[in-house]
Amino acid sequence: MSENEVKNGAEEQYSASSIQVLEGLEAVRKRPSMYIGDIGERGLHHLVYEVVDNSIDEALAGFCTDIEVSINEDNSITVKDNGRGIPTGMHEKEHKSALEVVLTVLHAGGKFSKDSYKVSGGLHGVGVSCVNALSDYLRAEVHREGKVFVQEYSKGKPLSDVRVTGEASDTGTIISFHPDPEIFTVTTVYKYDTLAARLRELAYLNKGIKLILTDRREKMTDENGLPTDSFKSDVFYSREGLKEFVNYLDGGAEKLTEQPIYLETDKVIPIEIAMQYNTGFSEKIYSYVNNINTIEGGTHLQGFKMGLTRTLKNYADKNNLLAKLKFDLAADDFREGLTAVISVKVAEPQFEGQTKTKLGNSEVVSAVSQATATALEAYLEENPKDARAIVDKVILAATARHAARKAREMVQRKTVMSGAGMPGKLADCSLRDPEKCELFLVEGDSAGGTAKQGRDRMTQAILPLRGKILNVEKAMEHRVFESEEIRNIYTALGVTVGTEDDHKALNLSKLRYHKVIIMTDADVDGSHIATLILTFFFRYMLDLIRNGYVYLATPPLYLVKKGKEEIYCWTDSERRAATEKLGKGSEKGVTVQRYKGLGEMSDVQLWETTMDPSRRLLRQVTIDNAAEAERTFSMLMGDDVPPRREFIEQNAHYANVDA
Ligand code: 0RA
């Protein structure tokens with residue numbers, strides 16, 4: 001999970017009149033978002049994935065074992081592999097080097113790979129030529145047939161012909177590129193953790209491939225905090241693939257069985273699945289097609305669920321384990337406390353859905369359900385003790401679901417009677433158009449009071465929350481729906497939960513605000529409260545995050561003041577600059593006020609710095625790597641203390657109070 005900085009400004013817009021026929025890489029530069037999704041932080045990182053995917057393909061074809069990714073000092077990227085090297089001979093049709101064709105012709109990759117289909121491929125799968133088009137500089141180096149071939153480009157155009165620059169005793173491809181700041185206007189700074197998360201995921205999904213990430217912008221420090229000669233670096237390698245992935249996702253969860261249940265088939269549709277039950281309550285199923293996280297699921301997920309339900313139900317019936325059960329089992333009772341990863345490779349995937357991450361190929365349903373049933377049947381027969389533990393867990397889930405029904409229906413009934421029954425603490429806005437309305441979730445009644453005074457009553461609603469809301473990561477479902485604070489959030493948002501066939505389905509059609517803004521103090525406690533709220537959204541209202549409705553407010557840390565002049569500061573370096581500016585002539589009378597909490601600001605100050613849409617900085621909560629977010633929430637909200645402390649130390653950025 002990460003935060004996008006949302007600045008007020010125009011997005012790219014295409015009006016009908018400006019539509020024209022575009023050819024080649026010019027098209028990519030004119031409409032980059034159509035090719036890489038967006039031109040923000042996501043798109044910037046997508047460039048790296050496009051290049052790495054080519055090397056992964058070479059590895060999956062059996063010719064490459066190591067892939068090294070470096071973030072260079074100038075925020076350019078180098079991807080190096082030890083594959084066969086991109087072919088450099090003359091390309092018959094195009095009358096130029098194949099290397100140049102691959103790098104400068106849109107979708108050129110496919111022309112070479114008739115015999116083996118491309119299995120990996122970024123979400124957009126646009127190829128390395130797109131990366132070239134969107135880079136102000138790109139250099140391709142190929143080691144092949146004993147020689148080193150080099151060609152350089154700018155904005156997709158070759159700067160020279162392919163040159164032989166030396167001899168090579170190895171083979172492989174080295175692509176270096178620098179993203180064009182004319183295209184990536186928001187940021188051209190790479191985030192190590194974002195790239196690390198994707199490379200880790202790729203290592204688990206493609207066992208046996210070694211992926212190395214190095215950050216040449218940052219030297220490691222020794223125990224005294226002094227820089228050493230080595231750069232920050234991680235090696236991602238998984239010998240056991242999805243089995244290890246499931247363990248990683250589960251973090252410290254208490255397991256129900258010793259080992260994950262695992263299957264791998266190499267039929268027409270290669271399928272790999274690992275699954276592990278734990279004693280927790282959430283369902284964490286991650287599905288991939290050709291290394292792409294299919295967050296909307298699809299036919300492979302459908303097949304898995306069918307195979308799982310049918311096999312467990314049959315086993316339980318056959319062994320007379322359901323005799324005492326007084327009510328029916330629901331399909332999702334079989335998935336409570338289940339962590340699973342499903343990875344399939346499909347030759348011609350059809351992607352559907354809002355974000356084009358839902359697999360549509362119907363032939364995949366039976367292939368996956370068959371494979372799941374066969375492997376699970378065998379496992380249950382061979383491990384009767386585990387089988388018993390799993391069936392008991394399913395029965396427990398059904399019992400808990402029954403107990404939760406009343407609490408859930410309360411939430412639903414209250415929300416359905418819209419208008420009436422809004423929480424007493426909610427100070428609602430007067431407009432009713434959700435697109436124009438914002439809800440601030442505010443830590444504590446005192447700050448809540450200030451926010452109610454300072455807000456724009458037309459569009460901004462305030463819901464104060466009592467300090468720490470329930471940690472839903474550790475609570476059973478009925479406790480979640482019984483919590484007053486959480487019920488207030490459901491009611492205020494106008495979100496209902498549960499339909500006839502899916503008791504957990506979320507209904508956002510009556511959502512009352514399109515911005516839900518978490519506003520907490522800029523300190524450790526405030527971060528904790530924000531994390532608890534985000535955990536609730538992640539587990540119970542994921543679509544709210546996915547639709548981009550969730551934001552974090554950023555209150556200032558300092559007010560630097562001299563006479564009537566006031567400067568708000570969000571970082572220590574801003575504070576230093578402000579102190580310097582106001583203190584010119586090195587005169588006295590400059591005061592620095594540190595805000596320890598929202599409550600210390602007046603209503604006017606809170607409005608000016610944090611709530612006024614024309615001046616504030618909102619951070620939009622997005623999920624760029626679902627698996628990483630999963631793991632982070634399990635870890636942050638789970639029982640294991642040391643990894644949590646480490647994460648907070650590495651990621652928390654609070655002001656130096658004593659400075
Ligand atoms: C087309 C054909 C061959 C290799 C590749 C592409 C290739 C592309 C990339 C991109 C990054 N690393 C890569 N490694 C290989 C095979 C040509 C042959 O038969 O030798």
Side-chain angles (χ1 to χ4, degrees), residues 25 28 35-36 45-70 72 76-122 124-135 137-153 156 158 162 164 168-178 195 198-199 202-203 205-206 208-214 236 290-291 347:
L25 296 188
V28 182
Y35 295 85
I36 56 163
H45 289 77
H46 191 85
L47 299 182
V48 184
Y49 310 149
E50 275 308 327
V51 179
V52 170
D53 281 336
N54 289 287
S55 302
I56 294 271
D57 276 333
E58 185 67 358
L60 291 178
F63 299 101
C64 163
T65 58
D66 292 27
I67 302 168
E68 293 176 44
V69 179
S70 300
N72 304 311
S76 67
I77 296 285
T78 300
V79 179
K80 176 176 189 231
D81 71 47
N82 64 349
R84 289 168 294 181
I86 300 177
T88 51
M90 270 316 230
H91 189 268
E92 280 177 25
K93 255 215 201 117
E94 306 273 346
H95 299 289
K96 46 184 129 173
S97 164
L99 175 63
E100 183 172 329
V101 175
V102 169
L103 268 296
T104 59
V105 178
L106 216 47
H107 298 293
K111 293 181 186 168
F112 292 96
S113 49
K114 276 194 217 95
D115 45 345
S116 70
Y117 59 81
K118 222 176 128 65
V119 286
S120 84
H124 300 274
V126 288
V128 69
S129 60
C130 269
V131 178
N132 195 12
L134 301 177
S135 299
Y137 175 77
L138 186 144
R139 181 180 191 276
E141 178 174 326
V142 172
H143 295 209
R144 213 182 140 89
E145 293 151 14
K147 294 194 185 88
V148 176
F149 301 87
V150 175
Q151 191 171 32
E152 293 166 296
Y153 317 80
V162 176
V164 174
S169 52
D170 58 351
T171 65
T173 305
I174 307 166
I175 306 275
S176 298
F177 67 90
H178 183 270
L195 295 180
R198 176 59 180 160
L199 296 188
L202 282 172
L205 290 168
N206 304 281
I209 304 179
K210 192 198 258 183
L211 296 139
I212 304 168
L213 178 63
T214 304
F236 302 104
N290 303 348
N291 288 333

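In listed order, ligands and their atoms are each counted from 1. The first residue of the sequence shown is numbered 1, and numbering continues consecutively from there. Everything numeric here is computed off the predicted structure, so don't read it as measured data.
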Polar side chain donor-acceptor pair, Thr65 to Asn82, under 3.5 angstrom: yes
Nearest heavy atom to atom 17 (C) of ligand 1, choosing from Gly127, Ala61, Pro87, belongs to Pro87
Parallel, tilted or perpendicular: which describes the rings of His46 and Tyr49, with under 30° parallel and over 60° perpendicular? perpendicular
Side-chain touch Leu103/Gln151, heavy atoms, less than 4.5 angstrom: no
Does the side chain of Thr78 pick up a donor-acceptor pair with the side chain of Asn72 at under 3.5 Å? yes
Proximal atoms of ligand 1 relative to Glu58 (non-hydrogen, under 4.0 Å): 4 (C), 7 (C), 14 (N), 15 (C)
Asn54 neighbourhood, listing ligand 1 atoms whose heavy-atom distance to it stays under 4.0 Å: 10 (C), 11 (C)
